[in-house]
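In what follows, a single structure is set out as structure tokens and then discussed.
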Amino acid sequence: MRIILIGYGVVGQSFTNMLLRRRHETVKDYGLNPKIVAIADRGGSAVNPKGLDLERMLALKKQKGTVAADREFGRADLSPLEAITSVEAEVVVEASSTNVKNGEPGLSHIKTAFKTGKHVVTTNKGPLALAFPALTELADYNKVYLRFSGTVGGGTPVLELAKKCLAGDKILAIRGILNGTTNYILTEMAEKHVTFQQALDSAQKLGYAETDPSMDVDGIDTACKVVIMGNWIMNKKLTLKDVDIEGIRGVTLEALEKAAKRGNTIKLLGSIDGKARVAPTEVSRHDPLCVSGVLNAVTFVSEFAGEETIIGRGAGGPETASAILRDLLDIRHNLADKMLT
Ligand SMILES: NC(=O)c1ccc[n+]([C@@H]2O[C@H](COP(=O)([O-])OP(=O)(O)OC[C@H]3O[C@@H](n4cnc5c(N)ncnc54)[C@H](OP(=O)(O)O)[C@@H]3O)[C@@H](O)[C@H]2O)c1
């Protein structure tokens with residue numbers, strides 16, 4: 001399987017690191033032999049149709065800031081879009097930065113991959129949150145697969161639990177803590193009685209929150225995940241504008257104390273039942289959803305199996321890399337099935 005990797009930050013580098021560590025097993029246990037034929041970042045690309053030396057790519061990125069600096073295979077003039085169009089490969093792994101205003105550059109990367117007959121594995125929520133129905137249609141039209149496990153729950157197989165393990169049942173509702181940063185802030189406020197601002201400062205110091213925390217604290221990241229789950233699991237044709245969104249800036253210590261007196265706490269929940277929404281919500285301390293710190297948790301309510309909750313770390317480079325590999329194996333499995341029929 002020849003792969004073009006777009007975006008070589010935390011997730012992209014973790015993915016190549018994982019391939020270096022797991023390659024022997026992926027071939028032996030799954031018959032998958034992934035070969036990275038191109039990597040692109042903002043500085044340009046590195047291309048080798050025979051497969052790039054991943055140890056060298058990791059070292060180069062650290063030392064020079066871009067893979068395009070490689071003396072033999074570096075191409076500072078080759079943009080990610082040109083790499084997708086001109087390099088022969090089966091799959092594009094898209095791990096560039098999220099943008100929820102217009103989805104770019106990820107949206108163009110994904111569309112171009114489809115138009116050139118390449119499957120896509122993405123960890124980038126932006127294009128999916130803005131254009132999920134259109135992207136799945138375009139993938140079907142071009143007879144290619146689009147996979148995105150890493151966009152919800154990082155390495156925790158949230159989408160797979162609902163889509164595969166609960167296959168056949170009907171998912172009636174989903175509710176979840178889908179953002180580790182806001183969960184850390186609310187946990188700090190509830191347990192240490194610090195203000196929102198003090199908890200946010202602490203999250204930033206620990207590297208859990210960005211300098212501009214609005215994607216997390218204003219509920220947008222959670223809403224993107226609600227859109228992805230609504231489309232993929234419940235077949236709803238949703239985009240970000242269909243979600244009612246309220247973040248956690250208005251959650252006060254008084255409200256948390258009142259909730260505590262009732263045996264509850266306040267969590268930022270993303271939910272889909274009749275409506276898709278994100279809002280701070282009182283949750284019983286005994287609810288399995290009530291996880292603390294940066295953990296994520298999602299409950300699926302299904303017609304026959306009842307309630308199932310999955311809990312996990314939610315994000316992180318190695319965790320998300322594991323979701324990418326899982327998606328590649330799924331694509332390989334589907335392609336093998338197709339050849340048999
Ligand atoms: N980190 C996580 O735990 C996690 C978990 C789940 C999903 N995700 C998602 O996965 C994606 C990657 O995350 P990350 O943590 O790896 O981010 P990151 O460290 O900021 O890396 C982003 C990468 O995208 C590249 N990039 C940005 N704009 C680009 C453009 N216009 N053209 C080409 N490349 C461009 C950057 O290039 P340079 O290296 O040249 O700057 C960098 O290599 C994001 O969409 C993120 O939301 C991340």
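As the structure lists them, so they are numbered: ligands from 1, and atoms in each ligand from 1.
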> Taking atom CD of Q198 and atom CD1 of I185, what is their separation to the nearest 0.5 Å?
Replying inline: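 These two atoms lie 12.0 Å from each other.
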
> To the nearest 0.5 Å, how far apart are CD1 in I39 and CE in M57?
Replying inline: 6.0 Å

Of all the non-hydrogen atoms in the protein, which one sits nearest to [atom], and at what distance?
| atom | answer |
| --- | --- |
| atom 3 (O) of ligand 1 | G316 N, 2.7 Å |
| atom 47 (O) of ligand 1 | T98 OG1, 2.7 Å |
| atom 21 (O) of ligand 1 | G9 CA, 3.3 Å |
| atom 25 (C) of ligand 1 | G7 CA, 3.9 Å |
| atom 15 (O) of ligand 1 | V10 CB, 3.6 Å |
| atom 44 (C) of ligand 1 | S96 O, 3.2 Å |
| atom 35 (C) of ligand 1 | R42 CG, 3.5 Å |
| atom 12 (C) of ligand 1 | A95 O, 3.3 Å |

> Given F300 and I233, is the side-chain contact (heavy atoms from CB on, under 4.5 Å) satisfied, shown in steps?
Replying inline: CA-CA 10 Å; F300 295 105; I233 298 167; 3.8 Å; yes

> Any donor and acceptor pair, going by atom type alone, linking the side chain of R332 with main-chain N or O of G31 inside 3.5 Å?
Replying inline: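 Yes; judged by distance alone, with no hydrogens or angles, the pair exists.
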
> Does any N or O in the side chain of S302 come within less than 3.5 Å of the main-chain N or O of G306, such that one atom is a donor and the other an acceptor?
Replying inline: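 Side chain of S302 to backbone of G306, a donor-acceptor pair under 3.5 Å: yes, one is there.
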
> Just one of T182, N179, T181 clears the side chain to side chain donor-acceptor pair (under 3.5 Å) bar with D221, so which one?
Replying inline: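 Going through T182, N179, T181 one by one, the side chain to side chain donor-acceptor pair (under 3.5 Å) with D221 is satisfied by N179 alone.
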
Proximity to ligand 1 by part of [X], non-hydrogen separation under 4.0 Å:
| X | answer |
| --- | --- |
| E319 | neither |
| A315 | both |
| Q13 | neither |
| V11 | both |
| P105 | side chain |

> What residues, two or more places apart in sequence or in another chain, satisfy salt bridge (charged side-chain N to carboxylate O under 4.0 Å, His left out) together with K241?
Replying inline: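 By the salt bridge (charged side-chain N to carboxylate O under 4.0 Å, His left out) rule, K241 matches no residue at all.
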
>> If you apply the rule side-chain contact (heavy atoms from CB on, under 4.5 Å), what do you find for L159 with K164, and how did you get there?
In response: CA-CA 8 Å; L159 297 177; K164 295 191 174 161; over 6 Å; no

>> Show, in sequence, the C-alpha distance, side-chain angles and deciding distance for V37 and V47, and conclude whether the side-chain contact (heavy atoms from CB on, under 4.5 Å) test is met.
In response: CA-CA 6 Å; V37 290; V47 180; 5.9 Å; no

Please verify whether a non-hydrogen atom of [X] lies at under 4.0 Å from ligand 1.
| X | value |
| --- | --- |
| E104 | no |
| G154 | no |
| T320 | yes |

State plainly whether one hydrophobic cluster holds both [X] and [Y], where clusters connect Ile, Leu, Val, Met, Phe, Trp and Tyr through side-chain heavy atoms under 4.5 angstrom apart.
| X | Y | value |
| --- | --- | --- |
| L268 | L289 | no |
| L335 | I324 | yes |
| I4 | Y145 | no |

If the cut-off is 4.0 Å to any non-hydrogen atom of [X], which atoms of ligand 1 fall inside it?
| X | result |
| --- | --- |
| K61 | 38 (P), 39 (O), 40 (O) |
| Y8 | 23 (C), 42 (C), 43 (O) |
| G150 | 6 (C), 7 (C) |
| T123 | 7 (C), 8 (N), 9 (C), 10 (O), 11 (C) |
| N124 | 45 (O) |

>> I need the full list of ring-ring contact (aromatic ring centres under 6.0 Å, His included) pairs touching residues 194-247, with sequence neighbours left out, sorted by first then second residue.
In response: F148-W232, Y184-Y208

> Is it the case that Q197 and D201 place a side-chain donor and acceptor less than 3.5 Å from each other?
Replying inline: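 There is such a pair (donor and acceptor under 3.5 Å, judged by atom type) between the side chains of Q197 and D201.
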
>> Considering P80, S97, G106, S14 one by one, which has a heavy atom nearer to atom 22 (C) of ligand 1 than any of the others?
In response: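 Among P80, S97, G106, S14, the closest heavy atom to atom 22 (C) of ligand 1 comes from S97.
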
> Between I6 and ligand 1, is there a nitrogen or oxygen pair with a distance under 3.5 Å?
Replying inline: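 Between I6 and ligand 1, no N or O pair is found under 3.5 Å apart.
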
>> For the 3.5 Å polar cut-off, considering only N or O atoms, please tell me whether D41 and ligand 1 meet it.
In response: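 So ligand 1 has no N or O lying under 3.5 Å from an N or O of D41.
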
> Does the protein put a heavy atom less than 4.0 Å from atom 17 (O) of ligand 1?
Replying inline: no

>> Walk me through whether K111 and E104 qualify under salt bridge (Lys or Arg N to Asp or Glu O under 4.0 Å).
In response: CA-CA 11 Å; K111 285 183 178 169; E104 297 297 352; 5.9 Å; no

